[in-house]
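Just below is one structure, and these are the notes that go with it.
Chain naming here is simple, since letters A, B, ... match the order of the sequence lines and numbering starts at 1 in each.
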Number of protein chains: 2
Amino acid sequence: MQMRHGLDKYYTITELTREFGVSTRTLRFYEDEGLIHPERRGRTRFFRSTDRHLIKEILRGRRIGFSIAEIREIIQIYKEPPGEAGQLRLMMKRLEDKRTELIQKRRDIEETLEEMSNVEEACLTRLAEIGVGT
Amino acid sequence: MQMRHGLDKYYTITELTREFGVSTRTLRFYEDEGLIHPERRGRTRFFRSTDRHLIKEILRGRRIGFSIAEIREIIQIYKEPPGEAGQLRLMMKRLEDKRTELIQKRRDIEETLEEMSNVEEACLTRLAEIGVGT
DNA sequence: GTGCGCATTGACTTTTACGTAAATGTCGCT
DNA sequence: AGCGACATTTACGTAAAAGTCAATGCGCAC
């Protein structure tokens, strides 16, 4: 009995680099790091939609400021959630820590966005002043 | 005529490292990078409250993911907003870009927080299952 | 089959943001 | 004057995340 998933689209490496605005080096790097596992035909990589999805998540993690190690860990959790109670509890504690960190980060962003609005307004005012004299 | 600000508190480097949970190396590094300018008595640094405030902002920028160069630039803007119209317009464009980036980042964080909630819930369910058998 | 262009690989390099170690200075106390 | 506790300076180290470069391979259009 064979799994059949022939209808999944294949993506080439350059397609994905274009879609996500990253270099081929980056995607190969992620593969080296064990984050994605594109198939091969000869030496050429063929990416499944699952890889594409993973890449999306990796990039999101990157934007948030997660390290490769952290991202790998997260992916691992999705692939095989820990079964043992101690492991589970440990994981939940770390989740809690991460959550705190992210909430702080969100607050930081919000404060910064507000300040940026102020600066922008000041700029507009200043521009208007100058503009009058022009 | 002399400016008098004798009542400002001085902070030692270790006070600040303790308050902010960073190393002395980090604060000296920020000074080397021209982000802060503590005074000196002999070779010893004495930090004013303005430095302390700056450090707070620097660390916030760091948490958000700004590079030292970006942080320096932001500080610069606060110190002397550009006077010329072209400069102003350029700055506003870059502000706009940054804003977009930050908003994306905030969305990333929110998505991640949601997913974390899901994972956490799954963990709890799993724990309950195991717990029953224990 | 030859040339073209994209792919791949491996090795080396770079940048950022500090860490770390060693040697030396400084200050208050006794 | 000497001690201990911090501070400073200089210089080298390092980890993460790619960038860059050179050599080579593969497929296919002509």
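Summary of the strand contacts: B:Asp32 and B:Thr12 both lie near DNA chain D, and taking for each the nucleotide with the nearest heavy atom, the more 5' one is attributed to B:Thr12. Nearer to the 5' terminus of DNA chain C, by closest-nucleotide assignment, is the contact made by B:Ile68 (compared with the other of B:Arg43 and B:Ile68).
A:Asp108 is linked by a salt bridge (charged side-chain N to carboxylate O under 4.0 Å, His left out) to B:Arg63, counting only residues two or more places apart in sequence or in another chain.
Of the side-chain N and O atoms in A:Thr26, none sit less than 4.0 angstrom from OP1 or OP2 of D:dA17. The shortest distance between the side-chain N/O atoms of A:Tyr30 and the OP1/OP2 oxygens of D:dA17 is not below 4.0 Å. Contact annotation: B:Thr44 does not reach the phosphate of C:dC27 (side-chain N/O to OP1 or OP2, under 4.0 Å). Neither OP1 nor OP2 of C:dC18 sits under 4.0 Å from any side-chain N or O of B:Ser23. Proximity of B:Arg45 to the phosphate of D:dT8: a side-chain N or O atom is located under 4.0 Å from OP1 or OP2. Contact annotation: B:Arg62 side-chain N/O to C:dA17 OP1/OP2 distance is not under 4.0 Å. For the pair B:Arg40 and D:dT9, the criterion of a side-chain N or O lying under 4.0 Å from OP1 or OP2 is met. The phosphate of C:dA7 (OP1 or OP2) has no side-chain N or O of A:Thr24 nearer than 4.0 angstrom.
For B:Ser67, counting side-chain heavy atoms from C-beta on, the closest listed nucleotide (D:dC6, C:dA11, C:dA17) is C:dA17. Nearest nucleotide to the side chain of A:Phe29, out of C:dG19, D:dG25, D:dA17: D:dA17.
Counting any heavy atom pair closer than 4.0 Å across all strands shown, A:Arg41 reaches no nucleic acid atom.
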Under the side-chain hydrogen bond (donor to acceptor under 3.5 Å, both in side chains) rule, what do B:Thr14 and B:Thr17 come out as? Steps first, then yes or no, please.
CA-CA 5 Å; B:Thr14 27; B:Thr17 61; 5.4 Å; no
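For B:Arg28 and D:dT10, the CZ to P distance is 12 Å, given to the nearest whole Å. In this structure, A:Phe66 places its CZ atom 23 Å from P of D:dA15, rounding to the nearest Å. Taking atom CD1 of residue B:Ile36 and atom P of nucleotide C:dC18, one finds them 12 Å apart after rounding to whole Å. Atom OH of B:Tyr11 and atom P of D:dA7 are 16 Å apart (whole Å). In this structure, A:Ile71 places its CD1 atom 11 Å from C1' of D:dA16, rounding to the nearest Å. Remark: P of C:dT26 and CD1 of B:Ile13 are 16 Å apart, rounded to the nearest angstrom. What separates CG of A:Leu16 from P of C:dT8 is a distance of 11 Å, to the nearest Å. Whole-Å rounding puts the A:Tyr10 OH to C:dA7 P distance at 17 Å.
Side-chain to base pairing of A:Arg25 with D:dT20: one donor and one acceptor N or O lie within less than 3.5 Å of each other.
Remark: A:Glu96 engages A:Arg99 in a salt bridge, criterion side-chain N to carboxylate O under 4.0 Å.
Contact of the B:Arg62 side chain with the B:Leu59 side chain is registered, since non-hydrogen atoms from C-beta on lie closer than 4.5 Å.
Figure legend: B:Arg41 and B:Phe46 shown as a cation-pi pair, the cationic atom lying under 6.0 angstrom from the six-membered ring centre and within 45 degrees of its axis.
Among residue pairs with one or both ends in residues 83-93 of chain B, those qualifying as side-chain hydrogen bond (donor to acceptor under 3.5 Å, both in side chains) are B:Lys93-B:Asp97; sequence neighbours excluded.
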